[in-house]
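Every chain is numbered from 1, with letters handed out A, B, ... down the list of sequences.
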2 protein chains.
Amino acid sequence: MDERKKRVLAAIVQDYVATAEPVGSRTIARKYNLGVSPATIRNEMADLEEMGLIEQPHTSAGRIPSDKGYRYFVDCLMEKYALGRDDEEYIRQSFTRKMQEIETVIQQSAATLSQMTNYAAVALGPQVGKSIYRIQFLHLEPGKALLVVVTDAKVVEHRLMEIPLSITSMDLERISEVLNSRLHGVSMERIQRETLADIYRELHRQRQLVGAVLDVVEELFRSNQENRVFLGGMLNILNQPEFRDVSRVKNLLSILEQGNVIRELMQEQPSGLAVRIGGENRHEGFADCSLVTATYHLDGEVVGMVGIIGPTRMDYARALSLVDYISVHLSDFLAKMIK
Amino acid sequence: MDERKKRVLAAIVQDYVATAEPVGSRTIARKYNLGVSPATIRNEMADLEEMGLIEQPHTSAGRIPSDKGYRYFVDCLMEKYALGRDDEEYIRQSFTRKMQEIETVIQQSAATLSQMTNYAAVALGPQVGKSIYRIQFLHLEPGKALLVVVTDAKVVEHRLMEIPLSITSMDLERISEVLNSRLHGVSMERIQRETLADIYRELHRQRQLVGAVLDVVEELFRSNQENRVFLGGMLNILNQPEFRDVSRVKNLLSILEQGNVIRELMQEQPSGLAVRIGGENRHEGFADCSLVTATYHLDGEVVGMVGIIGPTRMDYARALSLVDYISVHLSDFLAKMIK
DNA sequence: GTTAGCACTCTATTGAAATGAGTGCTAGTG
DNA sequence: CACTAGCACTCATTTCAATAGAGTGCTAAC
């Protein structure tokens with residue numbers, strides 16, 4: 001793999017990404033002055049094809065990069081894309097103080113990514129709260145109470161509950177107190193049997209209600225951990241020429257609509273910034289899409305992921321920079337939000 | 001408008017809805033045995049065209065209904081479509097006990113409608129809660145509190161708030177009590193100046209905090225009243241032949257993505273079951289779509305709307321039945337949920 | 001009032017020819 | 001030996017005309 005081959009491959013990738021048309025030897029000679037004639041480039045291209053880095057849609061067409069070609073480009077040839085002032089500004093503007101809820105912020109990250117790239121964007125998580133920070137009953141009326149749970153990451157969940165008519169406000173206050181003192185700071189994954197036993201002992205009269213509460217709490221944490229999938233700007237991807245055909249659109253959208261597929265694909269990604277190109281994704285029907293993802297963090301721990309889904313013909317340099325920048329910015333923003 | 005003309009128009013509408021192809025005189029004579037020859041039907045069709053009920057895409061094509069034609073069909077010709085057992089069963093199944101949050105239920109209504117029709121579906125609202133049922137502060141840690149607001153429709157909203165470090169749990173308890181007693185059951189639209197004055201007088205030491213709380217409450221109600229728009233199953237509409245062309249899809253989706261356009265269109269609909277056909281919608285770019293909507297209710301009051309958005313070539317009978325059934329079922333379900 | 005028949009219109013399909021982009025190979029050059 | 005000019009060849013795409021087909025409107029006959 002000599003220097004010139006690299007330059008030819010890079011030229012093919014760049015041009016194909018920009019035009020969506022197979023790239024011929026002549027085009028390369030003209031646009032990317034390598035100082036050699038088309039014939040020489042043709043020879044190089046023949047070599048690159050043999051190496052499996054580029055391919056020909058049909059005999060008399062130019063070449064397009066293969067998955068392997070993109071991979072080589074991303075790993076070895078690509079120069080880091082420097083985000084412009086305006087790009088960074090745009091991102092910063094899109095996160096406003098007004099966004100009070102974590103979900104809104106995550107959703108906005110995906111939306112912004114999509115707008116800036118014209119690809120689809122997706123966000124996972126956040127997996128917020130592993131332990132209970134505060135748990136509190138509010139008595140609404142006889143037979144009805146509101147359970148409010150605040151997790152350590154200051155995410156609030158609530159649930160209306162039916163309670164026995166006999167339970168009074170005082171009872172609820174007492175229950176809240178006991179639950180708080182016993183459960184505060186305890187990771188939901190390893191609640192001790194003893195802890196539960198203690199709670200039941202202390203509140204033996206409201207055994208049934210306490211059981212219901214614990215069920216609800218468990219459910220809240222479980223659904224929280226299932227890492228909800230946020231999709232952003234499905235519309236923008238229609239601007240890509242590979243989706244001029246409706247059946248393609250339908251195919252991709254039907255995959256995206258099943259959140260679990262995306263979740264699986266994304267969960268295979270390593271932490272940090274990562275790219276998965278075309279067939280590297282273990283899912284048929286996703287073979288001509290690429291996934292660029294980055295994890296975001298809270299208190300040094302990975303809590304979720306943001307990413308871009310686009311055709312394999314993707315501007316990887318820009319995509320990587322954007323996803324990276326957004327993930328960092330998102331982490332900062334969340335940290336400030338929760339403080 | 002004699003009987004035979006009606007039958008011809010009905011045949012044209014039905015056939016065109018089923019096939020998406022312009023309908024010729026011969027087709028009608030063959031499939032819908034009116035007992036007359038194609039030539040006679042041609043004469044009738046010429047009349048119908050003059051009346052503006054049908055039109056010809058080009059000289060040597062069959063006829064398709066005009067907006068006016070659909071309108072006449074819907075108002076005068078259409079027979080009520082009886083939902084099958086399976087349809088009703090399907091709808092009932094799609095609403096499960098598991099759905100605890102109102103939003104989930106609304107979203108599900110739209111999703112179900114879309115699945116059953118292969119059109120896009122949309123839901124508005126619900127406009128839940130006009131007054132405060134309960135308002136409560138939870139003290140989390142110095143400088144931080146959680147404000148929980150329950151509306152009369154038992155919809156819960158919450159917001160983390162920064163509070164002065166000096167404020168204690170006792171203070172918050174007191175504030176909660178005062179706010180509750182003063183605001184319980186008061187419609188947010190007509191909070192009296194006096195009421196506010198009373199509150200400020202009683203809590204004159206926490207003047208600033210109270211101001212912040214009232215701002216938050218107002219904001220919560222405002223965003224609630226803005227009637228959030230839920231879209232369902234955008235994917236399904238891609239099955240319609242009129243959306244084989246991506247530009248069409250892009251056009252519709254870009255309209256749907258702006259929630260406010262849909263909201264405006266829907267808010268022009270009368271309460272109950274209603275149809276708006278093609279150009280009857282006051283929005284360019286929506287001229288070849290129809291909107292079938294029904295309001296849903298809570299305690300006898302209209303709180304929101306569900307509907308179908310499809311091409312004007314729509315199976316109106318079925319669409320109306322489904323929207324009607326869903327709206328009724330949704331009302332019932334909500335009533336039971338909130339009890 | 002209804003219908004058979006027919007000329008006419010216009011779109012969609014088909015197929016052949018022209019176009020053009022691009023390649024691979026060969027032979028010649030510094 | 002590396003490079004390049006030249007050329008024959010391939011194949012998708014475009015173009016164009018001819019054809020087929022669906023459907024109409026009109027007229028004359030029943």
* Asked: Whole Å only: how far is the NZ atom of A/Lys5 from the C1' atom of D/dC3?
  -> 13 Å

* Does OP1 or OP2 of C/dT2 have a side-chain N or O of B/Ser37 closer than 4.0 Å? -> no

* **Pairwise 5' ranking along DNA chain C for B/His58 and B/Val36, keeping only the more 5' one** => B/Val36

* Structure fact -> Atom CG of B/Asp47 and atom P of C/dG1 are separated, to the nearest Å, by 12 Å

* **Spacing of B/Lys5 atom NZ and B/Leu77 atom CG [to the nearest 0.5 Å]** => 13.0 Å

* Asked: If the sugar-phosphate is the primed atoms plus P, OP1 and OP2 and the base is the rest, what is the B/S/- string for nucleotides 13-30 of chain C, using protein heavy atoms under 4.0 Å?
  -> --------BSBB------

* CD1 of B/Ile237 to CG of B/Asn118: how many Å apart, nearest 0.5 Å? -> 9.5 Å

* To do: Go through the steps to decide whether B/Tyr81 and B/Asp315 satisfy the test side chain to side chain donor-acceptor pair (under 3.5 Å), and finish with yes or no.
  => CA-CA 10 Å; B/Tyr81 178 95; B/Asp315 183 345; over 6 Å; no

* B/Tyr316: partners by ring pair (Phe, Tyr, Trp, His ring centres under 6.0 Å), with sequence neighbours left out -> B/Tyr70

* Could you check how far CG of B/Leu34 sits from C1' of C/dG1, rounded to whole Å? => 16 Å

* Separation of B/Glu21 atom CD from C/dA12 atom P, in whole Å? -> 10 Å

* Quick one: does A/Val306's side chain get under 4.5 Å of A/Phe230's, heavy atoms only? -> no

* Separation of B/Leu273 CG from B/Leu320 CG (nearest 0.5 Å) -> 5.0 Å

